[in-house]
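In what follows, residues are counted from 1 in the order of the sequence shown. All figures in this text were calculated on a predicted structure; none of them were measured in a lab.
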Amino acid sequence: MTARALIAGTSLLVLASVSAPALAQGTPASTRKVDVTPYLGIDQVVMVPLKGDGDVVTYTNLTAGVTVEVQTRRLNAAADVQYMHSFGWGHATDSDVLSGIANAGYKLTPELTLQAGGIASRVRTDGYSGAATIDNRFTSQIWGGYIGPSYATKVGDLDIKASYRLGYARVDDDVDVNVPGAAIANGSFAQSWSHDLNGSVGFAPGTILPVGLTASTGYSREDASQLDQRFEDVWGRVDAIMPVSPTVALLGGIGYEDIEISQRAPLLDEDGVPIIRNGRYVTDKSSPRELYYDFGDLIWDVGVLWRPNRRTSLKATVGERYGGMSYQGQFTWQGRNSSIGIAVFDGIESFGRMITADAAAFTGTNLIVPRNPFTGDLTGCAFSPTGGGECFNDALAGITGANFRYRGVAGQYSTRRGPWGFGLGGGYSNRKFITPTTQSVLISGTRDQNWYGNGTVTYAFNDRDSLDTAVYINYFDASGARADVLNYGAFTSYFRGLTRKLTASASLGVDAAKADDFDTLINAMGQVGLRYSF
């Protein structure tokens with residue numbers, strides 16, 4: 001059960017209603033919408049170093065992409081996906097990047113919905129986490145996706161819900177480090193498969209009893225390729241909800257949870273030093289599996305739920321989990337063309353489970369996906385005025401193969417008002433690493449911290465011309481041998497419709513990064529291009 005799943009509620013009765021997204025609820029025929037727009041583009045980019053070492057570099061980018069907005073009685077889907085190939089001039093190198101977000105929900109029956117989605121982007125792996133990926137050197141292409149059914153029905157007064165999610169995450173590095181003892185901490189993750197199975201049965205207050213009760217259980221497992229790492233979480237609990245007024249209810253739950261994390265040892269050379277290939281440990285398949293995290297104990301929490309109307313909900317809980325106190329909360333507000341979401345979270349996470357959960361969290365439609373016009377990378381957040389947006393800065397900052405205790409706060413605001421569109425996202429997280437004694441890159445108990453903020457403003461002059469502006473900042477306070485990194489930047493793009501299908505664009509931007517023991521890098525960027533939409 002990931003931290004994001006825990007945010008949704010202390011009972012699976014609440015969790016299932018959240019994880020079956022609004023997109024899967026079905027859409028009246030009167031609001032049927034099918035808009036699929038493939039496009040091709042070409043643009044010229046120049047990057048000029050204002051501070052720090054570097055040359056003036058230019059690229060010619062060829063792009064192919066598609067935007068999707070589908071709302072029918074059975075299918076709801078949204079996607080913004082783009083592939084870019086850059087031809088470098090002079091000292092610049094060629095590069096490739098796939099970036100985008102996609103989600104879909106298809107109602108097989110009134111009770112059964114099949115959901116799927118994914119996310120892809122590119123990040124740096126040379127210590128400048130978040131800085132512009134000027135070319136393929138020291139970069140990683142990341143992928144995350146999921147698919148699975150969710151089921152919800154009512155038998156008399158009982159609400160019965162179940163869901164299963166198969167997830168996959170992958171990091172493809174363009175680095176080749178074969179030096180013994182020099183594993184790259186933020187490139188040590190390769191790929192993983194995850195499974196999440198949840199089920200619940202319960203009844204609402206005032207049906208069978210004045211107090212609502214829900215019994216729920218779940219199982220999560222992730223198998224990662226790095227040292228054959230395995231995460232398993234089995235839990236079960238009973239939750240109660242007792243209304244004390246028309247808008248306020250008290251919450252309480254108790255259960256049991258068992259978490260185990262294990263892995264094999266790295267293969268050693270004749271000097272007893274771990275063998276490294278492509279920045280990752282080589283697994284000693286003959287070594288026994290080492291159990292380095294084993295938590296089994298009672299879990300409990302109490303809290304309050306405030307729901308003054310159907311648009312607004314506030315939930316806060318405090319309890320004991322993972323051998324200590326745990327604090328969680330969630331506030332949501334959904335307007336007609338606006339949404340607000342704030343969450344306080346606490347859980348045991350990994351990169352694979354985080355990026356999969358991020359992909360599953362994108363449940364909104366009418367997506368606003370800020371993309372760096374010079375590199376094709378996502379800027380850190382995607383917004384939706386219908387709710388279901390998400391920031392993935394934490395997942396992409398300091399990618400590591402380790403598991404960690406993940407705590408923090410995150411918030412988003414998105415709105416569309418006439419020709420204007422606004423999106424704001426920000427948050428703070430703390431990662432305390434859980435590693436065995438055989439892991440030499442990170443020490444168990446060391447911590448990372450990450451602060452981030454993203455904002456975007458769009459304005460449509462008419463149905464052909466528009467202006468997009470985005471700003472971003474990220475500070476990553478690293479542990480171990482990794483560098484602390486401050487990254488910030490901004491860009492603005494103007495789009496001019498030349499014909500109904502041909503659009504010209506011009507962009508200006510600046511990107512800056514400062515890392516420990518590295519010179520500050522500041523780059524100015526310019527772009528002009530054409531896009532043809534089919």
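Side-chain contact check for H195 and Y219: no donor-acceptor pair (N or O, by modelled atom type) lies under 3.5 Å. N474 and N450 share a side-chain donor-acceptor pair at under 3.5 Å.
Checked by atom type and distance alone, the side chain of Q141 pairs as donor or acceptor with a backbone atom of L98 at under 3.5 Å. Judged purely by atom type and a 3.5 angstrom limit, N372 has no side-chain atom pairing as donor or acceptor with the backbone of G376.
Between Y168 and W193, the two ring planes are tilted [angle within 30° to 60°]. In this pair, Y472 and F491 present their aromatic rings tilted. The plane angle is within the 30 to 60° band.
Between D80 and R371, at least one side-chain nitrogen of the basic residue sits less than 4.0 Å from a carboxylate oxygen of the acidic one, meeting the salt-bridge criterion. Ion pairing between R221 and D196 fails under the 4.0 Å rule for side-chain N and carboxylate O. Using a 4.0 Å cut-off between a side-chain N of Lys or Arg and a carboxylate O of Asp or Glu, E222 and R230 do not qualify as a salt bridge.
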- Message: Before you tell me yes or no, could you show the steps for I522 and V510 under side-chain contact (heavy atoms from CB on, under 4.5 Å), namely the whole-Å CA-CA distance, both residues' side-chain angles and the distance that decides it to 0.1 Å?
- Response: CA-CA 7 Å; I522 302 178; V510 62; 3.9 Å; yes

- Query: Going through the distances and angles, do K285 and D228 end up as a salt bridge (charged side-chain N to carboxylate O under 4.0 Å, His left out)?
  - Reply: CA-CA 8 Å; K285 297 291 186 179; D228 286 347; 3.1 Å; yes

- Item | Stepwise side-chain contact (heavy atoms from CB on, under 4.5 Å) test for E290 and S262 | CA-CA 5 Å; E290 177 187 358; S262 62; 5.9 Å; no

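With a 6.0 Å cutoff to the six-membered ring centre and a 45° limit on the axis angle, R237 does not count as a cation-pi contact of Y256. Under a cutoff of 6.0 Å and an axis angle of 45°, R431 and Y406 do not form a cation-pi pair.
Checked against W235 for a side chain to side chain contact (heavy atoms under 4.5 Å, CB included), the options I259, D258, N198 give a single hit: N198.
For the atom pair CZ of F476 and CG of L486, the computed distance is 13.0 Å after rounding to the nearest 0.5 Å.
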